Amino acid sequence: MTKIGLEIHCQLTKLESKLFCSCKANYREFEPNHNICPVCMGLPGSLPRLNQKAVESATSIALALTCDTPEKIAFFRKNYFYPDLPKNFQITQLNVYGDMSVGGEGYVNVEDKKIKIRRIQLEEDPGRIIYEGASERTKITLIDYNRAGTPLVEIVTDPDFESPRQVRVFLNILSDLLENLGVAEPGLEGAMRADGNVSIEGGNKVEIKNIGSFHDLEKALHFEITRQQSLFERDIEIAQETRHWDDRRKITVSSRSKEEDQDYRYFLENDIPWVKIDQSTRDRLKENMPESISSKKERYVEKFDIAPQVADIIASDRYYSKLFENAYSDNNAKDIANLITTDVIGFIDTKEKQQNSKITSKHLSDLIDAINSKTITRNSAKVALQEIMKSGKDTKDVLHDMDLGQVSDSSEIDDIISQIFEDEEQAVIDAKERPETINFLVGKVMQKTKGKADPVKTLELIKSKLKQ
Ligand SMILES: [Zn+2]
C-alpha cells in the first residue's frame, strides 16, 4: 500500500510585519534586499521581538484544524548553514521535552478519509536563492533576503494519504480553509509550498523537496510511486533518501545528503521567553473565527435551496462568498448564486482578476432585479457585467449607455422576425418539419437585436408565425 505524508508551509501573508522584526511581511513589493534590518539579518547584538498577531493567526489555524492548542509555547533554534539563512539558524518550534508548538493532533476530512494533522508550528521563512539559468550549471547565484523572517506556519500530516489525487483534494480543502480564515492568500506566488514523503509496501521512506506548486507535487508523487514500484519489482532496495523534483526533466533526483533531525542541533531559543496563550485568548479566537466553508455550504443549500455544487463553489471561495453574502435578499439568493457561478466566474477566474474587478454586490442585485423585471435579458446582463467589471459604473448607467434595455414590444420583434423569415427560407421550412430546429431562428433574432429581444416573447411569436 502506498503511504504519503505532507509538510506544508504557508506564509501568513495577511500580517503587517515579519515574525521577529518590524520589516514588512509583504516582501514582494520591494527591490531585492530592501526589506531587511539588523534583526532579520541576524547582526550581532540584535534581538528578536515576537509578532503576537502571528501567534494568534497560527493558533487560529490550529483551532480550525481541530488541533489541541497548548497553554504556552516555546521556540527553538534549528541550526544549519545555508546561504539563504543569514543567522545560520532558523527560529522554529518542536514538540519535545514538553515544549509545545502552536498545535497538534488535529485532522481534516478528505472525502471519507480522516487525514491526521501531527503538528502545526510557527517559524520564519528563509531568504530566496535565485539561480540564473539551470541550477546545476549556473555560475551565478543571487540571494534576496527580503523574505527572511516572514511568518510561516508549517503543517505536518501523518502518512495517511493513499494516492496523489487524495493529496490534491486535501491541499484544495486546506488552502480554501486558510483563505477563509483570513490569515493567508494561498494563491500568491510562493505563499504555500509542500514537501511530500512517499513509501510503498516493504520499502523505505523517500522525501521529495523543492516543489514549487501543488500541480508539480502531484506529478512528483506520481513519478516517485512509479519509480519505487519499478525498483521493488526488480528486487532493488529503495534507499531512504531525500530527492528533489527536477521541474525541467519532470523527474525526482537524489540529493547528495540526508539531514536527520539531530544534525540540526535543536536547542531552546532563549532570546524569546515562553509565550502564554491563555484560555480567554483561545476562546476569543474561536469566537472571531469566520463561519467554516462546510457550514456556509450547508446554510446556502438549506436556506436558499441552492444546488449543492453551486453552493460549494461559492462557499469555498472567499471572494465569491463575500459577493454573494452582501448581494442576496430572501427572494433573489438563488438567482444571485447562479449569476455568480454561470457568468461572474467566467470573467473573474483568477485571484488577480478578482482583485482588479470593480464589481460589487450591489451590481449583482441590481442586475438580477433588471432581469426579473424584464428590463434586460440574461444575455444583456452578461454584456453589462463585462463593462461593470472594468469601469465599476452604476448598473443603471451601464444599461442606459450601452443601450441594453430589453426589446419586448411585440410589433418591433415581429418586424425583425418577418425579415429573418425572408432571409432564412430553408430554416423556416426545417422548423416547420422539425420543431427542435426552431432555436436557430430564435438565435437569429437574438443576433439581430444584440441579445436584447425578450426570449420568451420571441419564441412565442416565431411559433405562431410558423403556423400561419
Ligand atoms: Zn527585519
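Not measured: the values here are computed from a predicted model.
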### Query
Around atom NZ of K382, are there more than 12 heavy atoms of other residues, nucleotides or ligands at under 6.0 Å?
no
### Task
List in chain and number order the residues that pass side chain to side chain donor-acceptor pair (under 3.5 Å) with R28, two or more places apart in sequence or in another chain; answer none if no residue qualifies.
Q11
### Message
So that I can tick it off, tell me whether E56 and R284 are bridged by a salt bridge, with the cut-off set at under 4.0 angstrom between side-chain N and carboxylate O.
### Response
yes
### Message
For the residue pair S57 / S60, report whether a side-chain donor-acceptor contact shorter than 3.5 Å exists.
### Response
no
### Task
Take V108 and I117 through the test side-chain contact (heavy atoms from CB on, under 4.5 Å) and record every step on the way to the result.
CA-CA 7 Å; V108 174; I117 306 289; 4.1 Å; yes
### Query
Under 6.0 Å from the CD atom of E237, do we count more than 12 heavy atoms belonging to anything else shown?
no
### Task
List the steps, then state whether salt bridge (charged side-chain N to carboxylate O under 4.0 Å, His left out) holds for R378 with D343.
CA-CA 10 Å; R378 255 216 94 104; D343 295 328; 3.2 Å; yes
### Task
Apply the test salt bridge (charged side-chain N to carboxylate O under 4.0 Å, His left out) to residues E29 and K24: give CA-CA distance (whole Å), side-chain angles for both, the deciding distance (0.1 Å), then the verdict.
CA-CA 9 Å; E29 285 174 359; K24 292 272 179 256; over 6 Å; no
### Message
For the residue pair E233 / Q229, report whether a side-chain donor-acceptor contact shorter than 3.5 Å exists.
### Response
no
### Message
What's the separation between atom CE in M192 and atom CG in L178, rounded to the nearest 0.5 Å?
### Response
5.0 Å
### Query
Does any non-hydrogen side-chain atom of E124 lie less than 4.5 Å from one of L152?
no
### Message
I'd like to know if E325 and K303 make a salt bridge, using a cut-off of under 4.0 Å between side-chain N and carboxylate O.
### Response
no
### Task
Assess the pair F76 and F267: is the distance between their ring centroids shorter than 6.0 Å?
no
### Message
Contact between F161 and L6 at the side-chain level, heavy atoms closer than 4.5 Å - yes or no?
### Response
yes
### Task
Answer with yes or no whether the side chains of S321 and K296 bring together a donor and an acceptor at under 3.5 Å.
yes
### Task
Kindly assign one of parallel, tilted or perpendicular to the pair Y82 and Y80, based on the angle between their ring planes and the thresholds 30° and 60°.
tilted
### Query
Heavy atoms, side chains only, cut-off 4.5 Å: are T150 and L12 in contact?
no
### Query
How about K353: does its NZ atom have over 12 heavy atoms from other parts shown lying under 6.0 Å from it?
yes
### Query
Can a donor-acceptor pair be found between the side chains of E185 and T13 at a distance below 3.5 Å?
yes
### Message
I293 vs I173, test: side-chain contact (heavy atoms from CB on, under 4.5 Å). Steps then yes/no.
### Response
CA-CA 9 Å; I293 291 170; I173 293 173; over 6 Å; no
#### Entry: K297 bridged to E291 by N-O distance under 4.0 Å
no
### Message
List the residues meeting side-chain contact (heavy atoms from CB on, under 4.5 Å) with K322, not counting sequence neighbours, and say none if there are none.
### Response
N326
### Message
Do the side chains of D160 and K113 get close enough for a salt bridge, i.e. N-O under 4.0 angstrom?
### Response
no
### Query
So does K250 have more than 12 non-hydrogen atoms from other groups sitting under 6.0 Å from NZ?
yes
### Message
Contact between S365 and I336 at the side-chain level, heavy atoms closer than 4.5 Å - yes or no?
### Response
yes
### Query
Residues in side chain to side chain donor-acceptor pair (under 3.5 Å) with Y145, at least two apart?
none
### Query
How far apart are the C-alpha atoms of F75 and T92, what are their side-chain angles, what is the distance that settles it, and do they pass the side-chain contact (heavy atoms from CB on, under 4.5 Å) test?
CA-CA 6 Å; F75 286 89; T92 178; over 6 Å; no
### Task
Might you work through the salt bridge (charged side-chain N to carboxylate O under 4.0 Å, His left out) test for K53 and E16, ending with a clear yes or no?
CA-CA 9 Å; K53 276 252 160 65; E16 272 293 307; over 6 Å; no
### Query
Is it true that atom CZ of R299 has more than 12 heavy atoms of other residues, nucleotides or ligands lying nearer than 6.0 Å?
yes
### Query
What pairs with E105 under salt bridge (charged side-chain N to carboxylate O under 4.0 Å, His left out), at least two apart in sequence or on another chain?
none
### Query
Looking at CG of N197 and CD of E207, how far apart are the two atoms once the value is rounded to the nearest 0.5 Å?
6.0 Å
### Query
Hey, are the side chains of L19 and L50 touching, using non-hydrogen atoms and a 4.5 Å cut-off?
yes
### Summary
From the list E218, E111, H222, side-chain hydrogen bond (donor to acceptor under 3.5 Å, both in side chains) with R165 holds only for E111
### Message
Do E7 and E154 have side chains that approach each other closer than 4.5 Å (heavy atoms only, starting at C-beta)?
### Response
yes
### Query
Quick one: does D125's side chain have a donor or acceptor within less than 3.5 Å of a partner on G149's backbone?
no
### Query
Do R168 and Q166 have side-chain atoms, one donor and one acceptor, less than 3.5 Å apart?
no
### Message
Can you see whether S230 engages R234 through a side-chain donor-acceptor pair at a distance of less than 3.5 angstrom?
### Response
yes
### Task
Output yes when a side-chain donor or acceptor of R249 lies under 3.5 Å from a complementary backbone atom of D246, and no otherwise.
no
### Message
Test of understanding: with salt bridge (charged side-chain N to carboxylate O under 4.0 Å, His left out), list the residues that count as partners of D312, not counting sequence neighbours.
### Response
none
### Query
Would you call D283 and K286 a salt bridge, taking side-chain N to carboxylate O under 4.0 Å as the test?
no
### Query
Hey, does the Lys NZ or Arg CZ of K114 hover above the aromatic six-ring of Y107, less than 6.0 Å from the centre and inside 45° of the axis?
yes
### Cation-pi check, R77 onto F89 ring (under 6.0 Å, within 45° of axis)
yes
### Atom pair CE (M446) and CG (N439), whose distance is rounded to the nearest 0.5 Å
10.0 Å
### Message
Under the rule for side chain to side chain donor-acceptor pair (under 3.5 Å), what residues qualify as partners of S361, not counting sequence neighbours?
### Response
none
### Message
Does any part of the side chain of W245, heavy atoms only, come nearer than 4.5 Å to the side chain of D216, both counted from C-beta?
### Response
yes
### Message
Within the 4.5 Å heavy-atom criterion, are Q93 and R119 side-chain neighbours or not?
### Response
no
### Query
Hey, is CD on E31 packed in by over 12 heavy atoms from elsewhere, all under 6.0 Å?
no
### Query
Does the side-chain contact (heavy atoms from CB on, under 4.5 Å) test come out yes or no for L122 and V55, once each step is laid out?
CA-CA 7 Å; L122 181 59; V55 176; 4.0 Å; yes
